[in-house]
Amino acid sequence: MSLLHALIASRDTIILVEHDASPTGGQSYAQATQTILSKIPPNDSKLTYAADSILIHYQKSNGVVALVVAEDSAGRRMPFAFLAELHKRFLAAYGQDEINDAPAYGMAGWEKEVAKLMQQYTDSPPNDPIKVAQAELASVKDIMVKNIDAVLSRGERIELLVDKTDGLSTQARAFRKRSTQLRRKMWWKNIKVIILIIFSSILLLYFFIAFFCGLGLHCGA
């Protein structure tokens, strides 16, 4: 995932500083970069051009163009992050008037800064949030697989868990059935007690009245 060639240009095609890190030498990209610089619109913009196994990215802002040639394996996020940082550092090092008045390769002394930043992004590219999320998902998947393997290695088969669940369900149904039967039994028992109390109360009342009025209950006589 390499950055091969980088430059900063102003006033359309005027290259102010350039650094090449490709094994073939910078001349192999000279024509392609000059062609792209000539096609960049006057407004702020950024775009990627594809050529064979390389991608050429540029970012233009405040009249200054930062351009990088990268291997296609680098994708787009890392090169554009590099361009944003390169553009920011260049504008911090040079004023706008100085940039506008500089001749071609007038900032060649800043090449070592370009080289250092290219090496930094090639060796230790910033974390891509999407790749970080994908790595976390892969890690969670690995943990789940390991956990399942650990359960199976202890002999705790899913079939056994299903059997245990069915057994608990059967026991619960039997318990509900016994509970219903017990409630009915207690209900009839309570009814019998109530009937017995009512009958006893009537009988006592009869004996009480019969004591004063006789067995025929002729109290008026």
Side-chain angles (χ1 to χ4, degrees), residues 1-100 102-140 142:
M1 192 162 60
S2 299
L3 301 180
L4 304 174
H5 190 93
L7 63 84
I8 294 178
S10 178
R11 304 189 305 280
D12 297 331
T13 60
I14 305 299
I15 298 175
L16 302 178
V17 59
E18 186 174 26
H19 177 74
D20 182 77
S22 64
T24 58
Q27 291 301 319
S28 58
Y29 303 119
Q31 182 177 357
T33 55
Q34 283 291 343
T35 300
I36 291 173
L37 287 174
S38 65
K39 294 181 178 298
I40 295 177
N43 56 294
D44 292 352
S45 60
K46 61 180 181 179
L47 193 64
T48 297
Y49 288 88
D52 297 329
S53 61
I54 63 169
L55 296 176
I56 303 175
H57 315 273
Y58 81 82
Q59 173 180 308
K60 181 176 182 180
S61 180
N62 298 323
V64 177
V65 177
L67 182 147
V68 65
V69 180
E71 294 177 344
D72 56 2
S73 60
R76 299 183 72 243
R77 291 178 180 272
M78 187 272 280
F80 275 111
F82 164 78
L83 290 177
E85 184 64 22
L86 180 66
H87 192 275
K88 183 178 72 172
R89 293 190 184 187
F90 184 76
L91 291 182
Y94 297 100
Q96 193 67 50
D97 292 339
E98 191 176 4
I99 293 172
N100 293 335
Y105 295 97
M107 277 82 173
W110 209 68
E111 181 181 356
K112 61 181 181 179
E113 298 296 329
V114 179
K116 183 167 63 176
L117 191 61
M118 287 177 67
Q119 191 65 42
Q120 175 186 332
Y121 272 75
T122 297
D123 294 342
S124 302
N127 289 332
D128 186 338
I130 294 178
K131 291 184 178 179
V132 171
Q134 290 174 342
E136 291 177 351
L137 288 174
S139 176
V140 171
D142 290 340

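Keep in mind that this is a model prediction, so the values were computed, not measured.
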Roughly how far, to the nearest 0.5 Å, is OH of Tyr105 from CD1 of Ile8?
-> 12.5 Å

What residues, two or more places apart in sequence or in another chain, satisfy salt bridge (Lys or Arg N to Asp or Glu O under 4.0 Å) together with Arg76?
-> none

Closest non-hydrogen contact found for Ser10 with Leu16 is CB-CD1, 3.7 Å

Asp20 side-chain N/O to Ser22 backbone N/O, donor-acceptor pair under 3.5 Å = yes

Which is it for Gln34 and Ile15 under the side chain to side chain contact (heavy atoms under 4.5 Å, CB included) test, yes or no, and what are the steps along the way?
-> CA-CA 9 Å; Gln34 283 291 343; Ile15 298 175; 3.3 Å; yes

Report the distance from atom OG1 of Thr48 to atom CD of Gln59, rounding to the nearest 0.5 Å.
-> 11.0 Å

Check: His87 side chain, Ser61 main-chain N or O, donor-acceptor pair, under 3.5 Å | yes

Derivation of the side chain to side chain contact (heavy atoms under 4.5 Å, CB included) call for Thr33 and Ile36 | CA-CA 5 Å; Thr33 55; Ile36 291 173; 5.8 Å; no

Check for a donor-acceptor pair, side chain of Arg11 on one end and backbone N or O of Ala102 on the other, with a separation under 3.5 Å.
-> yes

With side chain to side chain contact (heavy atoms under 4.5 Å, CB included) as the test, would you mind laying out the steps for Val114 and Trp110 before giving the verdict?
-> CA-CA 7 Å; Val114 179; Trp110 209 68; 3.6 Å; yes

Using a distance-only test with no angle check, is there a side-chain donor-acceptor pair under 3.5 angstrom linking Tyr58 and Ser45?
-> yes

Side chain Lys46, main chain His57, donor-acceptor under 3.5 Å | no

CG on Leu67 to CG on Leu7, rounded to 0.5 Å = 4.5 Å

Apply side chain to side chain contact (heavy atoms under 4.5 Å, CB included) to Lys112 and Lys116, showing your working.
-> CA-CA 6 Å; Lys112 61 181 181 179; Lys116 183 167 63 176; over 6 Å; no

Considering all heavy atoms of both residues, which atom of Glu71 and which atom of Leu4 are nearest to each other, and what is their separation?
-> CG-CD1, 4.1 Å

Would you check if there is a donor-acceptor pair between the side chains of His19 and Glu113 at a distance under 3.5 Å?
-> no

Looking only at heavy atoms, what is the nearest atom pair of Ala70 and Leu3, with distance?
-> CB-CD2, 3.8 Å

For Ile99 and Met107, the nearest pair of non-hydrogen atoms, with its separation, is CA-CE, 3.9 Å

What closest approach, in Å, do Pro79 and Ala74 show between heavy atoms, and which atom pair accounts for it?
-> CD-O, 3.6 Å

Please name the pair of heavy atoms, one in Ser2 and one in Thr122, separated by the smallest distance, quoted to 0.1 Å.
-> CA-CG2, 3.9 Å

